[in-house]
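Below is one structure, written out as structure tokens, with a few remarks after it.
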Amino acid sequence: MTASKTIGFIGLGNMGGPMAANLVKAGHKVLGFDLSAEAVERHVAAGGVAASSAREAATNVDVVVTMLPAGKHVRSIYLGDEGLVSTANTGTLFIDSSTIDVDSSRAVAADATAAGMHMVDAPVSGGAVGAAAGTLTFMVGGSDEAMALARPFLDIMGKSIVHAGDAGAGQAAKICNNMLLGISMIGTCEAFVLAEKLGLDPEKLYEISSTSSGQCWSLTSYCPIPGPVPSSPANNSYKPGFAAAMMLKDLKLAQEASDSSGAATPMGARAAELYDLFCNSDGEKVDFSGIIHYLRSLK
Ligand code: NAD
């Protein structure tokens, strides 16, 4: 347990709210700011302190954590004359846990480091349930020194902390993993759809593939048909879980990164297209495994 520190927390939504609450529970003073007054009220009810702006939340603090929707929000909070890179005390540790594009992540980290700050990108997996339970996985990019400074705080909010490499490596790991997940979920769904058309009992396909070369996490931990894996969202009317809209966001980030880095990811591109179509046919708020309904509807 670290000595009590003062932490600014910006972005108190579905993820940031419970993450900030865990820092409060661990004995830290947490100055919270969000554009939503309700989110700030919930933070105060959990024992946190309200800040009236991002700048106030980040002034005279040891650490700032941001948990924001996208790269443009992260850039606007950190960069520019009024941004935290210019206004926070030199030496402040910045932890950005938002899932954003690699280029924004690297740009912000470069400016922060040049201004004498420490910064890590530390996107998460584990969803709102993991955020509340303090069991998130953090994929971290940044220097060894910044990683060492961030670890005690990440340990409070998560249970698996992996140093992926330099600035931006956390975001890179997150989008590579989620691109693989999107592709493997579609592949798993297609196998069940084909089995249904061929008159093969889906339970038999599960029994065989779960111990054969087709085995993957989408099949054995998150099976997209009801039955074989009782905890999967398929058994709960495809309530998320991990919403299709979030999967689409990550697949689009992976495509942006493919374009800017020159990597060929044709399956990732197709997965992004299919999740886009699924989201536009009312699938946005459905768990991402619900894409099986969309695939069944295709001719
Ligand atoms: P959310 O929309 O619930 O929360 C984002 C919060 O940021 C909102 O409360 C919003 O008011 C606030 N915000 C936006 N701009 C702001 C600004 N300029 N200043 C202060 N506050 C501002 O989103 P979430 O589900 O908490 O996700 C946050 C991040 O975590 C996203 O990047 C998302 O991709 C990532 N993520 C989410 C999940 C999940 O399951 N929800 C899982 C892994 C990663």
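Ligands are counted one by one from 1 in listed order, and the atoms in each one are counted from 1 as well.
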For residues Q171 and T99, is any side-chain donor paired with an opposing acceptor at under 3.5 Å?
no
Would you please say whether a donor-acceptor pair under 3.5 Å links the side chains of T92 and N89?
no
Say whether G241, considering both its backbone and side-chain N or O atoms, lies within less than 3.5 Å of an N or O atom on ligand 1.
no
Applying a heavy-atom cut-off of 4.0 Å, say which part of A70 lies close to ligand 1: side chain, backbone, both or neither.
neither
For ligand 1 and H73, I'd like to know whether there is a polar contact (N/O to N/O, distance under 3.5 Å).
no
Please report whether the ring centroid of F153 lies less than 6.0 Å from that of H28.
yes
Looking at atom 34 (O) of ligand 1, what's its closest protein heavy atom, distance included?
K249 NZ, 2.8 Å
Any idea which protein heavy atom is nearest atom 10 (C) of ligand 1, and the distance to it?
D34 OD1, 3.5 Å
Just to confirm my output: which protein heavy-atom neighbour is closest to atom 30 (O) of ligand 1, and how far is it?
M67 CE, 3.1 Å
Using a 4.0 Å cutoff against the non-hydrogen atoms of T99, which atoms of ligand 1 qualify?
32 (O), 34 (O), 35 (C), 44 (C)
Among all protein heavy atoms, pick out the one at the shortest distance from atom 23 (O) of ligand 1; state its residue, atom name and that distance to 0.1 Å.
N14 N, 4.6 Å
Protein heavy atoms: any of them under 4.0 Å from atom 3 (O) of ligand 1?
yes
Side chain, backbone, both or neither: which applies to I10 and ligand 1 if a contact is any heavy-atom pair less than 4.0 Å apart?
side chain
Which of the numbered atoms in ligand 1 are below 4.0 angstrom from a heavy atom of G127?
40 (O)
heavy-atom search around atom 29 (C) of ligand 1 in the protein gives L68 O, 3.5 Å
Would you check if there is a donor-acceptor pair between the side chains of T66 and D96 at a distance under 3.5 Å?
yes
Identity and separation of the nearest protein heavy atom to atom 37 (C) of ligand 1
M246 CE, 3.2 Å
Atom indices of ligand 1 within 4.0 angstrom of I77 heavy atoms, with elements:
18 (N), 19 (N)
Looking only at the side chains, is there a donor atom on one of S209 and Q215 sitting less than 3.5 Å from an acceptor on the other?
no
Is there a donor-acceptor contact under 3.5 Å linking the side chains of S218 and T188?
no
For atom 26 (O) of ligand 1, which protein heavy atom lies nearest, and how many Å away is it?
M15 N, 2.8 Å
Applying side-chain contact (heavy atoms from CB on, under 4.5 Å) between F138 and each of L154, I95, D155, report the one that passes.
L154
Under 4.0 Å, heavy atoms only, figure out whether ligand 1 is touched by the backbone of K174, its side chain, both or neither.
side chain
Which ligand 1 atoms does F33 reach within 4.0 Å, using its non-hydrogen atoms?
19 (N), 20 (C)
Which one of F288, Y238, F242 satisfies the ring pair (Phe, Tyr, Trp, His ring centres under 6.0 Å) criterion with Y222?
F288
Spell out, yes or no, whether V229 and V193 are grouped together once hydrophobic residues are joined by side-chain heavy atoms under 4.5 Å, including indirect joins.
yes
A54: heavy atom below 4.0 Å from ligand 1, yes or no?
no
Shortest protein contact, atom 21 (N) of ligand 1 (heavy atom only)
L35 N, 3.4 Å
Can you name the atoms of ligand 1, numbered from 1 with element, that are less than 4.0 Å from a heavy atom of G11?
7 (O)
Closest heavy-atom pair and its distance - D287, S289:
OD2-OG, 2.6 Å
For ligand 1, which atoms have a heavy atom of V124 less than 4.0 angstrom away?
43 (C), 44 (C)
